[in-house]
Amino acid sequence: MNESIAISASNLTKKFDDFTAVNDVSFKIFEGEIVGILGPNGAGKTTTLRLLTGVYKLEEGEKIEIFNENLKDNQINCKIKFGIVPEISNAYSDFTVLENLEFSGKMYGLSKEEIKNRSKILLERFELLDKLNAKTKTLSKGLKQRANLCLALLHEPPILILDEPTSGLDPISVKIMRKQILEFRKAGKTILITTHDIKEAQTICDRILIMNKGKIIADANPDTLRRDFKSISTIIFKTEKELDSKLMNYPTLIKRSDGTFAISSENVLKDLSELYNSFTLKNQIQISDVKIQETSLEEVFIDLIKNDSTKKKGVKND
Ligand code: ATP
């Protein structure tokens, strides 16, 4: 991955009357990255994408640069760099799949030959060739979303922006969409994706921006996020006999309903060694069946949203 900046967004803010949907958000996305914006309903993900893609006008003090070009000054040059799959499809429902591709291709100034050749390749890749002449409104949700991605890719943009692209799709469509998103990335392109799906973010994203109440509250790769939260890793173990009150007061110790014990740990090796010293060496209580439960990204996400401070973790951009 090189370090040239595909998208630079500074101080994005969007108000709807008195309500602030996006609150002074800044981030950078490097060329070749897949970045996920992850957040609960109403966090401001779609509004952020709409600001980025020029749907909402930028106010004084807000700035977006696409490959170093200012969006305000170079709307067309910047917008042509995006392939966009919006939350609500922008395909014409009464047009066939091919007619939509032809229409979109003409809007981007492609020749008839280019439209024909690229459409064929895309429809093959997305397993849609047999739907070429089907009206878009007759397609299932999954097929429609695959057609939307074909439309977004037709003008061969360097940046793909996807608003919850796999939400509500069947597993086959999800698989095809993810495969094609990863292919696009393999070709060195940049992807910004919003999702509710933590597993999706974990599987395909290089970096995750967690958004809540209009703010980015974490900016890190999935592993960094997990490492930052190692304090909530858990050591689970059994003991050969009951613990007296002194050991029951061991820091962070919890007796679980299945009779096993758990302690929270920031440093698993150090804490295991201390456990062994306190329990086995000093008090002759053997511990067994030790398991380490790693913090999942889901726990990190829930923890961040629950304790929503505006402090960023693992920030790459600052
Ligand atoms: P979801 O995951 O549910 O799509 P989101 O993170 O994409 O949510 P947004 O759609 O950006 O969230 O909405 C952020 C907040 O702004 C929400 O409270 C929403 O109700 C509000 N909002 C969005 N668009 C408008 C609008 N046009 N008028 C008024 N409020 C709006």
Side-chain angles (χ1 to χ4, degrees), residues 7-29 34-59 61-64 66 71 79 82-91 141-142 144-145 148-149 152 159-170 173-174 177-178 181 190-205 207-220 222 225 297-313 317:
I7 300 173
S8 168
S10 311
N11 312 106
L12 302 187
T13 297
K14 178 72 190 169
K15 291 189 177 187
F16 296 106
D17 299 322
D18 288 343
F19 176 72
T20 306
V22 173
N23 190 358
D24 198 21
V25 160
S26 301
F27 57 86
K28 292 187 179 77
I29 296 181
I34 302 190
V35 175
I37 304 184
L38 184 70
N41 288 122
K45 304 181 295 294
T46 299
T47 308
T48 302
L49 294 193
R50 288 185 176 155
L51 284 161
L52 269 186
T53 54
V55 176
Y56 295 135
K57 207 169 133 266
L58 298 183
E59 304 293 337
E62 300 175 83
K63 188 172 171 191
I64 291 170
I66 309 302
L71 176 71
K79 285 186 181 175
F82 295 132
I84 303 170
V85 177
E87 197 173 23
I88 298 160
S89 169
N90 51 4
K141 191 170 180 189
K144 213 177 275 171
Q145 196 63 321
N148 288 334
L149 197 43
I159 302 173
L160 193 54
I161 296 199
L162 305 151
D163 199 353
E164 295 181 26
T166 58
S167 166
L169 303 195
D170 65 82
S173 290
V174 170
M177 294 285 287
R178 284 195 190 150
I181 290 169
T190 308
I191 298 163
L192 179 59
I193 182 168
T194 72
T195 181
H196 291 287
D197 184 341
I198 296 167
K199 289 224 163 57
E200 174 160 88
Q202 203 162 2
T203 313
I204 66 170
C205 295
R207 192 150 62 93
I208 297 177
L209 306 176
I210 294 185
M211 198 163 186
N212 192 34
K213 297 179 189 159
K215 288 254 179 208
I216 291 175
I217 57 169
D219 174 352
L225 269 179
L297 195 59
E298 190 158 5
E299 288 163 313
V300 173
F301 177 72
I302 291 165
D303 198 75
L304 274 167
I305 301 298
K306 243 178 25 202
N307 305 303
D308 182 6
S309 64
T310 49
K311 188 170 157 273
K312 288 186 187 179
K313 291 210 161 267
N317 297 335

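Counting convention: from 1, in listed order, for ligands and their atoms alike. Since the structure is predicted, the reported quantities are computational estimates derived from the model, not experimental observations.
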Who's the nearest protein heavy-atom neighbour of atom 8 (O) of ligand 1, and how far?
-> G42 N, 2.8 Å
Decide yes or no for F16 and T47: does some side-chain heavy atom of the first lie under 4.5 Å from some side-chain heavy atom of the second?
-> yes
M211: heavy atom below 4.0 Å from ligand 1, yes or no?
-> no
Applying side chain to side chain contact (heavy atoms under 4.5 Å, CB included) between E62 and each of L51, V25, D24, V22, report the one that passes.
-> L51
protein heavy-atom neighbour closest to atom 2 (O) of ligand 1 works out as K45 NZ, 2.7 Å
Atom NZ of K199 with >12 non-hydrogen neighbours under 6.0 angstrom | no
P40: heavy atom below 4.0 Å from ligand 1, yes or no?
-> yes
Under 4.0 Å from ligand 1, counting heavy atoms only, is it the side chain of E87, its backbone, both or neither?
-> side chain
Which residue holds the protein heavy atom closest to atom 21 (C) of ligand 1, what is that atom called, and what is the gap in Å?
-> F19 CE2, 3.9 Å
Output yes when D163 and K45 qualify as a salt bridge under the 4.0 Å nitrogen-oxygen rule, no when they do not.
-> no
Output the list of atoms in ligand 1 that are nearer than 4.0 Å to some heavy atom of A43, sorted by atom number.
-> 5 (P), 6 (O), 12 (O)
Stepwise, does the side-chain hydrogen bond (donor to acceptor under 3.5 Å, both in side chains) test hold for E200 with T166?
-> CA-CA 9 Å; E200 174 160 88; T166 58; 2.6 Å; yes
Nearest to atom 28 (N) of ligand 1, what protein heavy atom do you find, and at what distance?
-> F16 CD2, 3.4 Å
Closest protein heavy atom (residue, atom, distance) for atom 3 (O) of ligand 1 = N41 ND2, 2.7 Å
Do K213 and N23 come within less than 4.5 Å of each other through their side chains, counting heavy atoms only?
-> no
Heavy-atom nearest neighbour in the protein, as seen from atom 13 (O) of ligand 1, with distance rounded to 0.1 Å = T47 OG1, 3.7 Å
contact_flag G44 ligand 1 heavy-atom lt 4.0 Å | yes
